[in-house]
Amino acid sequence: MNQHERTVTLRPDADGIDEAARLLADGRLVAFPTETVYGLGADARNDEAVAGIYAAKGRPSFNPLIIHVDSAETAEKYCHFTPEAGRLAQAFWPGAMTLVLPLRAESGISKLVTAGLDTVAVRVPDHPVGRALLKAFGAPVAAPSANPSGRISPTAAAHVMGGLAGRIAAVVDGGACEVGLESTIIGCAGAPVLMRAGGLPVEAIEACLGYPLQTEEDPNAPKSPGQLLSHYAPRGRVRLNVTSPEAGEILLGFGDVEGAALNLSPSGDLTEAAASLFAALHRLDDEGAERIAVSPIPDHGLGRAINDRLRRAAAPRGD
Ligand code: TXA
Ligand code: MG
């Protein structure tokens with residue numbers, strides 16, 4: 001990887017998408033919009049390109065990546081679908097759900113994507129620009145969130161540039177991400193298990209399956225290797241479930257609270273709060289906030305994923 005390459009911002013039109021697809025085919029790194037967060041994309045079949053993702057993010061190499069494809073039919077070329085996986089894909093793709101499925105022999109996917117596991121994480125994103133890029137490229141794109149490892153995920157092209165400019169070839173600017181939280185990850189190699197709460201509420205998945213999901217999201221005993229406890233971290237210290245902030249703390253509010261410097265959703269809407277969470281943390285970082293207090297957030301629907309990300313933001317730092 002070239003540490004000092006010039007990172008270009010591409011427009012989300014036909015020319016920009018063609019250029020992005022050409023760069024991917026060339027083994028270069030291109031950040032692109034999805035409805036959840038911006039992904040840092042590389043050709044999932046190209047070992048060197050995938051290695052470039054780990055290098056650009058400074059990501060531990062044991063942490064496997066999600067492949068992005070344009071449809072469930074394309075996904076079937078790379079992995080085996082259980083009946084439950086088929087139902088979930090039918091109900092929620094394109095959308096904010098990733099399935100971890102048994103990898104096909106001869107899939108052609110780089111071992112650096114799966115970190116040598118015999119499963120692969122796959123998703124069909126629901127963003128017109130992301131999907132147009134996947135179609136134009138015509139092959140699976142490995143993409144973690146487009147942020148330096150351990151930092152806040154990007155929900156705008158400017159966030160990507162702030163973290164990765166000079167380390168990647170391009171970012172396609174598709175505006176702000178609508179969902180704003182990473183996808184919900186369901187392990188589907190056997191009985192479905194929740195591996196990461198995310199942008200699709202767990203309740204919706206349970207309603208589709210007709211039974212409650214088993215959980216593998218205990219942050220201290222991660223099965224999904226990317227679930228490092230300290231993650232999504234702003235530079236300031238974060239304190240959660242705060243109803244009365246201390247002197248010197250900046251309040252990140254939720255609902256009808258007084259004295260909030262920023263409010264994730266003054267009306268207490270969890271969808272709005274999810275969409276604004278990472279942008280708010282980026283903004284507090286830019287403003288140099290040293291101590292951040294966060295209002296309580298209800299722990300249902302998208303609140304579960306918001307609280308998961310906030311707990312990681314508040315966790316003791318590994319760095
Ligand atoms: O919304 C999203 O999911 C975004 C956008 C760009 O699609 N991507 C994203 O990727 O959040 P990333 O790399 O930050 O998170 C991928 C997660 C990690 O926690 C990783 O450990 C887990 O997926 N994962 C990937 N492959 C896996 C596998 N075979 N088994 C278990 N977990 C896996
Ligand atoms: Mg990430």
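Every number for a ligand or one of its atoms is a count from 1 in the order of the listing. Heavy-atom basis, side chains included; hydrogens, waters and symmetry copies ignored.
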Chemist: Give a yes or no on whether Ser145 keeps an N, O or S atom under 2.8 Å from the Mg ion (ligand 2).
Modeler: yes

Chemist: List for me each residue that meets side chain to side chain donor-acceptor pair (under 3.5 Å) alongside Asp269, sequence neighbours excluded, and say none if there are none.
Modeler: none

Chemist: Answer yes if Phe32 and Ile53 sit in the same cluster of Ile, Leu, Val, Met, Phe, Trp and Tyr residues linked by side chain heavy atoms under 4.5 Å apart, and no otherwise.
Modeler: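 Phe32 and Ile53: separate clusters.
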
Chemist: Do Val69 and Val122 come within less than 4.5 Å of each other through their side chains, counting heavy atoms only?
Modeler: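 Yes. Closest side-chain heavy atoms under 4.5 Å.
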
Chemist: Applying a heavy-atom cut-off of 4.0 Å, say which part of Ala143 lies close to ligand 1: side chain, backbone, both or neither.
Modeler: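 The answer is the backbone.
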
Chemist: Should the pair His282 and His159 be assigned to parallel (<30°), tilted (30 to 60°) or perpendicular (>60°) ring geometry?
Modeler: parallel

Chemist: What atoms of ligand 1 come closer than 4.0 angstrom to any heavy atom of His68?
Modeler: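 Answer for ligand 1: 5 (C), 6 (C), 7 (O).
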
Chemist: Within a distance under 4.0 Å of any heavy atom of Thr119, pick out the atoms of ligand 1 and give their elements.
Modeler: 28 (C), 29 (N), 30 (N)

Chemist: Looking only at heavy atoms, what is the nearest atom pair of Tyr78 and Pro140, with distance?
Modeler: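 In terms of heavy atoms, the two residues are closest at OH-CD, 3.1 Å.
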
Chemist: Tell me whether Arg304 is salt-bridged to Asp308, with the criterion being a basic N under 4.0 Å from an acidic carboxylate O.
Modeler: no

Chemist: So, is Tyr38 polar-close to ligand 1, with some N/O to N/O distance under 3.5 Å?
Modeler: no

Chemist: With a cut-off of 4.0 Å, which atoms of ligand 1 are near a heavy atom of Ile66?
Modeler: 3 (O), 8 (N), 9 (C), 10 (O), 16 (C)

Chemist: Can you sort out which atoms of ligand 1 are near Gly39, meaning under 4.0 Å from one of its heavy atoms?
Modeler: 6 (C)

Chemist: State whether the shortest distance between N or O atoms of Thr36 and N or O atoms of ligand 1 falls below 3.5 angstrom.
Modeler: yes

Chemist: Do Arg309 and Ser153 get their side chains close enough for a donor-acceptor pair, meaning under 3.5 Å?
Modeler: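 Side chains of Arg309 and Ser153: no pair found under 3.5 Å.
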
Chemist: Does ligand 1 have an atom under 4.0 Å from some heavy atom of Pro125?
Modeler: no

Chemist: Taking NZ, NE, NH1 and NH2 as the nitrogens, is one of them in Arg239 or Glu249 under 4.0 Å from a carboxylate oxygen of the other?
Modeler: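 Counted as a salt bridge, because a side-chain N and a carboxylate O are separated by less than 4.0 Å.
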
Chemist: Can a non-hydrogen atom of Val100 be found less than 4.0 Å from any atom of ligand 1?
Modeler: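 Contact check Val100 vs ligand 1: positive.
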
Chemist: Any idea which atoms of ligand 1 are less than 4.0 Å away from a heavy-atom of Glu182?
Modeler: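 Those atoms are 1 (O), 2 (C), 11 (O).
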
Chemist: Is there a side-chain contact between Glu290 and Arg237 in this structure, where contact means two heavy atoms from C-beta onward sitting under 4.5 Å apart?
Modeler: no

Chemist: For Asn63, take its heavy atoms, then give the atoms of ligand 1 lying under 4.0 Å from any of them.
Modeler: 18 (C), 20 (C), 21 (O)

Chemist: Show the atoms of ligand 1 that are less than 4.0 angstrom away from any heavy atom in Ile185.
Modeler: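 Heavy-atom distances to Ile185 below 4.0 Å select 17 (C), 23 (O).
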
Chemist: Please confirm whether Met97 approaches ligand 1 to less than 4.0 Å, judged on its heavy atoms.
Modeler: no

Chemist: If you measure from the Lys or Arg side-chain nitrogens to the Asp or Glu carboxylate oxygens, is any gap between Glu84 and Arg87 under 4.0 Å?
Modeler: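 Salt bridge flag = no for Arg87 with Glu84.
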
Chemist: Can you tell which part of Arg59 has a heavy atom less than 4.0 Å from ligand 1: side chain, backbone, both or neither?
Modeler: side chain

Chemist: Near Leu117, which atoms of ligand 1 are under 4.0 Å from a heavy atom of that residue?
Modeler: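 With Leu117 as reference, the close atoms of ligand 1 come out as 28 (C), 29 (N), 30 (N).
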
